[in-house]
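Predicted model, so just to flag it, every value in this text is computed and none were measured. Each chain gets a letter, A, B and so on, in the order the sequences are listed, and its residues count up from 1.
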2 protein chains.
Amino acid sequence: MDLFEQGMENEWLRQLGERGSRLTGPRRAIVRILVRSRRALEPLELFDAVRVEAPGVGLVTVYRTLDALEALGLVQRIHESGGCRRYLRAPHGHQHVLLCTRCGQAELFDGDDLEPLFAQVAARWGYQIEEHWLQLFGLCPNCRKMKA
Amino acid sequence: MDLFEQGMENEWLRQLGERGSRLTGPRRAIVRILVRSRRALEPLELFDAVRVEAPGVGLVTVYRTLDALEALGLVQRIHESGGCRRYLRAPHGHQHVLLCTRCGQAELFDGDDLEPLFAQVAARWGYQIEEHWLQLFGLCPNCRKMKA
DNA sequence: ATTGATAATGAAAATCGTTTTCAATAATAC
DNA sequence: GTATTATTGAAAACGATTTTCATTATCAAT
Ligand SMILES: [Mn+2]
Ligand SMILES: [Mn+2]
Ligand SMILES: [Zn+2]
Ligand SMILES: [Zn+2]
């Protein structure tokens with residue numbers, strides 16, 4: 001068992017509990033899968049994965065739990081040209097997503113410094129910049145090999 | 001009449017024609033609205049705007065024309081936290097979108113230099129970076145005043 | 001201008017992902 | 001343990017988009 005993921009799982013459950021949510025079987029299973037996935041998952045994919053270890057859980061509960069986790073900022077919706085329905089664990093602090101366009105694997109990176117750009121854009125257009133989205137797409141090490 | 005927009009309108013129609021599309025009334029009206037809009041528009045908003053000057057046009061035709069324009073790279077889908085169904089004219093060359101979160105007005109900016117970041121991320125994660133999305137959100141000059 | 005081939009159209013129906021409703025169940029505080 | 005009430009799954013409802021299909025309109029060839 002991975003200690004990092006185990007810790008994250010407990011933390012998510014703690015935050016759910018703190019918010020007044022009850023720690024039910026379906027929720028535990030959903031959180032477990034999400035925390036461990038290296039890919040962003042669609043509700044239906046998540047549903048399938050959950051049913052393996054917790055048969056009987058309904059798709060509705062997957063949707064409801066995703067909403068709750070998103071409201072807590074634990075999970076984020078990932079936007080792609082092919083659609084915007086997959087969910088991934090949210091970053092800690094200032095990070096952005098790097099996605100493999102072939103297998104869907106996701107990583108979180110940091111270190112972007114866009115302040116100078118914001119200043120430039122704000123000056124040019126008179127906007128007050130409040131938020132930015134940055135996402136990188138490419139091939140993960142595995143898929144680079146496959147392709148070669 | 002704005003010469004720039006007039007030119008863009010003609011160019012879009014030319015590209016549609018070149019692709020083998022017929023230049024119909026509904027398409028002309030849809031292109032006309034899209035080229036002139038300073039905001040990204042949802043299919044239904046676009047539909048309403050089109051109906052003013054071309055009653056009888058169907059919503060299906062709006063969807064179909066948006067698809068065609070997107071396939072030609074003339075129009076792009078805009079992604080927002082509240083949903084991803086609005087369309088905006090696509091940038092010429094390397095530009096990104098700046099959106100007013102209050103009124104929806106959109107601008108296209110350039111001048112971002114992310115190559116160093118790509119190199120850094122590629123080195124750290126072993127990915128081959130192939131594409132990037134960047135989007136800025138804020139308040140346009142008008143909405144800044146309103147708020148004050 | 002007339003014609004003919006066929007792309008495009010609008011209305012209606014179908015489809016897809018998601019949300020709502022509701023009665024039954026289960027988690028927590030006492 | 002019991003009472004309270006959040007959560008559940010099934011079914012129905014929903015909204016946006018797509019498909020189907022018979023009709024119409026564009027455009028290239030006369
Ligand atoms: Mn950033
Ligand atoms: Mn860029
Ligand atoms: Zn990959
Ligand atoms: Zn504004």
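Between B/G20 and B/L59, the residue whose closest nucleotide on DNA chain C is further toward the 5' end is B/G20. Nearest-nucleotide positions on DNA chain D place B/R77 closer to the 5' end than the other of B/R77 and B/G25.
Atom CD1 of B/I30 and atom C1' of C/dT9 are 11 Å apart (whole Å). In this structure, CG of B/L13 is placed 16 Å from C1' of D/dC27, rounded to the nearest angstrom. Spacing between atom CZ of A/R51 and atom C1' of D/dA10 amounts to 14 Å, rounded to whole angstrom units. In this structure, A/R19 atom CZ and D/dT5 atom P are separated by 18 Å, rounded to whole Å. One interatomic measurement links the two molecules: CD of B/E42 to P of D/dA16, which rounds to 8 Å at whole-angstrom precision. As a whole-Å value, the separation of B/L46 CG from D/dT17 P is 12 Å. Note: CG (B/L66) to P (D/dA16) measures 15 Å, nearest angstrom. Atom CG in B/L16 sits roughly 9 Å away from atom P in C/dA8 (whole-Å rounding).
The B/Y63 side chain lies nearest to D/dA16 when the options are C/dG17, D/dA16, C/dG10. Distance from the side chain of B/R22 is smallest to C/dT6 among C/dT18, C/dT6, C/dA27. Listed nucleotides C/dT9, D/dT17, C/dA12 differ in distance to B/V60; the shortest reach to its side chain belongs to C/dA12. For A/R85, taking side-chain heavy atoms from C-beta onward, the closest of the listed nucleotides D/dT18, C/dT18, D/dC27 is C/dT18. Each of C/dA8, D/dT18, C/dA27 was ranked by its minimum atom distance to the side chain of B/R27; first place goes to C/dA8.
Look at A/T24 and you won't find any side-chain N or O under 4.0 angstrom from OP1 or OP2 of D/dA6. Checking the phosphate oxygens (OP1, OP2) of C/dA7, no side-chain nitrogen or oxygen of B/S21 falls inside 4.0 Å.
Panel note: side chain A/R39, backbone A/C103; a donor-acceptor pair is recorded below 3.5 Å. A donor-acceptor pair is defined here as one N or O able to donate and one able to accept, closer than 3.5 Å; such a pair exists between the side chain of B/R27 and the backbone of B/R22.
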Exercise. Do A/W133 and B/H79 pass the ring pair (Phe, Tyr, Trp, His ring centres under 6.0 Å) test, and can you show the C-alpha distance, the side-chain angles, and the key distance before you say yes or no?
Worked result: CA-CA 10 Å; A/W133 282 9; B/H79 301 261; 7.5 Å; no
For this session: Please step through salt bridge (Lys or Arg N to Asp or Glu O under 4.0 Å) for the pair A/R124 and B/E107, ending with a clear verdict.
Result: CA-CA 11 Å; A/R124 166 69 179 84; B/E107 306 292 349; over 6 Å; no
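The residues A/D67 and A/R64 are annotated as not salt-bridged, no charged nitrogen and carboxylate oxygen being separated by less than 4.0 angstrom.
Counting any heavy atom pair closer than 4.0 Å across all strands shown, B/L23 reaches sugar-phosphate atoms only and no base atom. Looking at heavy-atom distances under 4.0 Å, A/R64 makes contact with a base. Using a 4.0 Å heavy-atom criterion, one finds that A/G56 contacts the sugar-phosphate atoms exclusively.
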